[in-house]
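The sequence lines fix the lettering, A, B, ..., with proteins before strands; numbering per chain opens at 1. Keep in mind that what you see is a predicted model, and the values were worked out from it rather than measured.
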Amino acid sequence: MNADNLAGDINASLNPEQRTAAECIEGPVMLVAGAGTGKTKTLIHRCATMIKSGISPINILMVTFTNKAATEMRERLREMVGDSASHITAGTFHSVVYREMLSRYPDSSYLAEQGIDMANVGIMSDADSRKLLKESFEELGLPAKAYCDEHSIGLSDLDSQMGWARSRGYSLAEYRYQRVSGNEEVNPDFALVVEELWELYSQKCRAAGGIDFDDVLVVCAHMLEREPTIADSLGQRFRYLMLDEYQDTNPVQMRIMDAIARQHRNLFVVGDEKQSIYAFRGSDIQVIIGFLGRYQDAQIINMIRNYRSAPPVIECANAIAAAMNQRVPNSDGQLLAEAKIEPTPVSYYEFGNDLREASFIAGGIAKRLKAGVTGKNIAVLYRSRPIKQELERQLIAQGIPYLLEGDTAFFQRAEVRDTVALLRFVFQPWDNMAALRVLGSVSLGVSVNKVNAGLGQDSTVYEFLQAESDKRLKTTKAGIAPRTAAAKKVRAFLDVVDRTRECYEHFDDAEVLVKFVAEIWRIFFLPRVESAAKRATASQAQESVDLRKQNVGFVLEQFQEALGRGLTAEQAIEDLVLMAQASPDMDEEQDGKVRLMTMHASKGLEYDYLYVMGADSESLSAKEAEHFNDIEENRRLFYVAVTRAKRELCVTWSCQRLQHGQTLSTEQSPFVAEVLQHTGAGVVRG
DNA sequence: AGGATAGGATTTTTT
DNA sequence: ATCCTATCCT
Ligand SMILES: Nc1ncnc2c1ncn2[C@@H]1O[C@H](COP(=O)(O)OP(=O)(O)OP(=O)(O)O)[C@@H](O)[C@H]1O
Ligand SMILES: [Mg+2]
C-alpha cells in the first residue's frame with residue numbers, strides 16, 4: 001500500500017524529514033531531534049497516517065509522559081482522523097501497564113508465584129506507599145537502626161536506593177543476589193539495610209492488598225520476560241508501539257516495550273537526549289543513547305529545524321547545547337531557526353533580591369496583558385516551587401490571574417483523600433489501607449490502633465469490623481444481649497456500606513450510587529469536619545466546611561462521570577489514584593490565566609512570552625560537584641526551560657533570596673554564564 | 001477522641 | 001521561618 005496516495009494530504013504541513021518519519025511505519029525507528037523540531041507533531045501525524053492507511057487503531061499503543069499529554073494526543077488525533085482516534089490505546093506507562101497488561105493476564109503463572117491476585121489487588125497511591133514505607137523503616141531491627149544512626153542514613157536515602165533498584169527492574173531477590181555476588185557498586189552493609197526495609201515493605205504491601213507505582217512496572221517487566229507468550233499476545237494486540245519523550249524512559253519501561261516489540265519490532269521512539277531531566281526518578285539517558293545498540297537495523301532520523309522559537313531564543317538554546325557532554329553521536333545538537341517570528345533579543349536581568357525580581361516579572365506580565373496578550377500565552381518557570389512564592393504574592397496584589405500548572409494540592413487534601421479512601425473501602429472491602437484511613441476519619445468507637453493490634457494475618461479490616469459490630473453487652477440474663485454502643489455504630493456504618501456495594505452490583509445507576517456515597521460521607525465524615533472547623537474563627541470555619549463539601553462533591557462527580565464512560569468502579573477508582581482525573585478549577589475559564597510551573601512540568605509545552613526566574617547558582621547548578629551527571633542534568637533542565645519560549649524570553653535571578661527563613665546569597669547560574677559568554681549578551685541590573 | 005507540643009523536613013514528579 | 005506529623009497527654 002502506498003502511504004503517499006492515502007496520506008499525502010494529511011502530511012502536507014510536514015517537512016521532508018518529518019514526513020519520512022511519519023510514513024515509515026514498519027520496523028524500529030528513532031526520531032531524535034532537539035526542542036521544537038516537531039517531534040510530537042510528527043508522532044501524531046504518524047499515528048494518523050497509519051489509521052488512514054487502514055491500520056486498526058486498536059493495534060496502536062501510544063505511551064506518553066503524563067495523562068495530560070495522552071489526552072492532548074488523542075484530541076489532536078481526533079481532529080485529523082475523527083472518532084477512530086478514541087480506539088487507540090494512549091496513556092502513561094503506569095496506566096497502560098496496569099490496565100492493559102497486568103489486569104488482562106490475571107492467570108499469569110508469574111503473578112501467581114508472586115502472590116499477586118489481580119482480583120484482590122489495587123494500585124496504591126503514593127501517599128499510601130509512603131506510609132507503609134515509613135512504618136517499615138520504624139520496624140527495622142536494631143542492627144539496621146544502629147547502622148543508619150551511625151552513618152546518618154535516613155528513610156529518604158534507603159527509599160531512593162530502593163527506587164533506583166526498582167527503576168532498573170530489580171526484584172528484591174535480584175537485588176540481594178547482586179550484593180551476595182559481590183557487586184561493588186553498592187556498599188554491602190547499606191544494601192543489607194535496604195533489603196531488610198524492602199522485605200518489610202513488600203510484606204506490608206501484600207497485607208494491604210496494594211501494588212505500588214514502581215512495582216506495577218517491575219512486576220510487568222518480569223512477567224513479560226518470564227512468560228514470552230504473554231509478551232507475544234500483547235505484541236499481537238499492540239502491533240505498533242509509539243513513545244514520546246523517550247529520553248526520560250527508565251530501564252524497566254524500556255524492557256517492557258522491548259518485550260512487546262520482540263516479534264514485530266514495530267517500535268517508534270521519539271526524544272531528545274538534551275532534554276533528559278528525570279534521572280532523579282530513575283530515567284536513564286542511556287536508554288535513548290543506546291537505542292541503536294539494541295536495534296542495530298533501526299532507522300535513525302535527525303531533525304534540526306526548529307519551528308517554535310524566535311532566532312535569539314535558538315541562539316541561547318544552541319549555546320547551552322554546545323556545553324553539553326552527554327550526547328547522541330553524529331550530531332552537534334545545534335538548531336536552525338525556521339519560525340518566522342520577529343526577533344526580540346533574549347534579556348537577562350539580575351536583581352538585588354527576590355522581591356525586586358518578583359515585582360519586575362509581575363510588572364512585565366501586567367504590561368503584556370494590557371497590550372492584549374492572552375494570559376495562557378505567558379508562562380513563568382522556576383526550578384523549585386518555593387522560588388515562586390514572592391511572585392505569587394505580587395500577582396495577587398496586582399490582581400493578575402494565574403494558574404499553577406502541575407499542582408496536585410487538590411488530591412493531597414484530607415477530605416479528598418478521605419473520599420477516595422471511602423470509595424475504595426465501599427467497592428474493594430479487602431483494601432486495608434483505605435479501610436484504616438476511613439476508620440481514622442470517622443467516629444465509630446473503634447480506633448485505628450485497636451484494629452492494628454487485633455488484626456490477624458490474612459484478615460481484612462472489613463472482617464474485623466464485622467466482628468466488632470457483633471459485640472454484645474455482658475449480661476446475666478438469658479437470651480441474646482444487646483449490642484454495645486460501639487457495635488451499633490459500626491453495624492450502622494457497615495450496613496450502609498454494604499447496601500451501597502450491593503446497589504453497584506445489582507443496578508446500573510451511577511447517580512444513585514454516588515448519592516449513597518455522598519450520604520455516607522455526610523453522616524459519618526461531616527460531623528468531624530464540622531467540629532474541627534468550630535475551633536477556627538466563625539467566618540473561616542464556614543468557608544472551610546463549604547469548601548470541603550464542594551471538594552468531596554467534586555471527587556464524587558468525577559467518579560460518577562467515569563462510571564458514565566463505562567468504566568467499572570475499580571477502574572474509576574484507579575483513575576482517581578493515578579490522578580488521571582481533572583481538578584476542580586479545570587472547568588473555570590482558564591485562557592486568561594498566566595501559567596506558573598516548575599521547569600520539569602514545562603516539558604513539551606510552549607509559550608509566546610516566557611520568564612525563567614531564579615536562575616541562580618544555588619538553584620541551577622551542581623551543588624555536589626562530585627556528581628558529574630548532576631551538572632549535565634541541570635544544564636539540560638535549563639535547556640528545556642529556555643526552549644519553551646516562542647517569541648520572547650527573559651531570564652532572571654537575584655543575588656539574595658529567602659530560603660527556610662534565612663537570607664541566602666547567590667549569583668548568576670553557571671549555565672547563564674556559559675550562555676552569556678557564548679552569545680556575547682549582556683546583563684541588565686534591575 | 002482530641003488537643004498540645006516537640007521534632008523534622010525544606011528540589012525536581014503525580015505515575 | 002514555617003509547615004506538617006507523630007506522639008504523648010488529658
Ligand atoms: N513542519 C512544520 N511547519 C510548521 N510548524 C511546525 C512544523 N513542525 C512543527 N511545527 C510547530 O513547531 C512547534 C513545536 O512542535 P512540537 O511540539 O511537535 O516539537 P517537539 O520536537 O515535540 O518539541 P519538544 O522537544 O519541546 O517536545 C509546534 O508549535 C508545531 O506546531
Ligand atoms: Mg514534544
Note to self: Categorize A:Thr66 for me: base, sugar-phosphate, or nothing, with a 4.0 angstrom heavy-atom threshold over every strand shown.
What the structure shows: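 Since only primed, P, OP1 and OP2 atoms lie under 4.0 Å of A:Thr66, the category is sugar-phosphate.
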Next item on the list: Under 4.0 Å between any heavy atoms, over every strand shown, what does A:Lys134 touch: base, sugar-phosphate, or nothing? Just pick one.
Entry: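 If one applies the 4.0 Å heavy-atom cut-off, A:Lys134 turns out to touch the sugar-phosphate alone, with no base involved.
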In this structure, how many angstroms lie between the [atom2] atom of [N] and the [atom1] atom of [X], rounded?
X        : N      : atom1 : atom2 : result
A:Leu381 : B:dT11 : CG    : C1'   : 15 Å
A:Arg383 : B:dT11 : CZ    : P     : 10 Å
A:Asn634 : B:dT12 : CG    : P     : 13 Å
A:Asp248 : B:dT14 : CG    : C1'   : 15 Å
A:Lys489 : B:dA1  : NZ    : C1'   : 10 Å
A:Phe65  : B:dT15 : CZ    : P     : 9 Å
A:Leu620 : B:dT11 : CG    : C1'   : 11 Å
A:Leu664 : B:dT11 : CG    : P     : 12 Å

Next item on the list: Indicate yes or no: does A:Glu100 engage A:Arg104 in a salt bridge with an N to O separation below 4.0 Å.
Entry: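 Looking at A:Glu100 and A:Arg104, the cut-off is met.
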Margin query: Applying side-chain contact (heavy atoms from CB on, under 4.5 Å), can you list everything that pairs with A:Arg166, at least two apart in sequence or on another chain?
Written below: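 For A:Arg166 the side-chain contact (heavy atoms from CB on, under 4.5 Å) partners, ignoring immediate neighbours, are A:Met162, A:Trp198, A:Tyr201, A:Asp212, A:Asp214, A:Asp215, A:Val218.
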Notebook entry, point to check: Quick one: side-chain hydrogen bond (donor to acceptor under 3.5 Å, both in side chains) partners of A:Arg417, sequence neighbours excluded?
Noted result: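 Counting only residues at least two positions away or on another chain, A:Arg417 forms no side-chain hydrogen bond (donor to acceptor under 3.5 Å, both in side chains).
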Item checked: Base of B:dT11 and ring of A:Phe280 stacked, centres under 5.5 Å, planes under 30° ->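 Stacking is absent between B:dT11 and A:Phe280, given that the ring centres and planes do not meet under 5.5 Å and under 30°.
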Test of understanding: with salt bridge (Lys or Arg N to Asp or Glu O under 4.0 Å), list the residues that count as partners of [X], not counting sequence neighbours.
X        : answer
A:Lys204 : A:Glu135, A:Glu139
A:Glu667 : none
A:Lys39  : none
A:Arg168 : A:Asp284

Notebook entry, point to check: Got a sec? Which of residues 384-391 of chain A come in under 4.0 Å of DNA chain B, heavy atoms?
Noted result: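 Contacting residues: A:Ser384, A:Arg385.
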Next item on the list: Indicate whether any N or O donor in one side chain lies under 3.5 Å from an N or O acceptor in the other, for A:Asn551 and A:Glu415.
Entry: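 The answer is yes; a qualifying pair exists.
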Check: A:Tyr105: what forms a ring-ring contact (aromatic ring centres under 6.0 Å, His included) with it, not counting sequence neighbours?
Finding: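 Once residues adjacent in sequence are excluded, A:Tyr105 has no partner under the ring-ring contact (aromatic ring centres under 6.0 Å, His included) criterion.
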Next item on the list: Please tell me which of the listed nucleotides, B:dT12, B:dT15, B:dT10, lies nearest to the side chain of A:His660?
Entry: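 Among the listed nucleotides, the one closest to the side chain of A:His660 is B:dT10.
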Notebook entry, point to check: Between B:dT14 and A:Tyr278, is there an OP1 or OP2 to side-chain N/O distance shorter than 4.0 Å?
Noted result: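 For A:Tyr278, the contact criterion (side-chain N or O under 4.0 Å from OP1 or OP2 of B:dT14) is met.
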Next item on the list: Examine B:dT14: is either OP1 or OP2 under 4.0 Å from a nitrogen or oxygen in the side chain of A:Asn67? Give yes or no.
Entry: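 For B:dT14, OP1/OP2 do not have a side-chain N/O of A:Asn67 under 4.0 Å.
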Check: When you match A:Met597 and A:Val442 each to their closest nucleotide on DNA chain B, which lands nearer the 5' end?
Finding: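 Residue closer to the 5' terminus by nearest nucleotide: A:Val442.
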Note to self: Exactly one of A:Leu556, A:Val438, A:Val577 should register a side-chain contact (heavy atoms from CB on, under 4.5 Å) with A:Leu423. Which one does?
What the structure shows: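 For A:Leu423, the side-chain contact (heavy atoms from CB on, under 4.5 Å) check succeeds only for A:Leu556.
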Next item on the list: Walking along DNA chain C from 5' to 3', note the first and the last nucleotide with an atom under 4.0 Å from a heavy atom of chain A, and give both.
Entry: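 Both ends considered, the range comes out as C:dA1 to C:dA6.
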Next item on the list: For nucleotides C:dC4 and B:dT11, find the distance between their P atoms and express it as a whole number of Å.
Entry: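 C:dC4 and B:dT11 have their P atoms separated by 15 Å.
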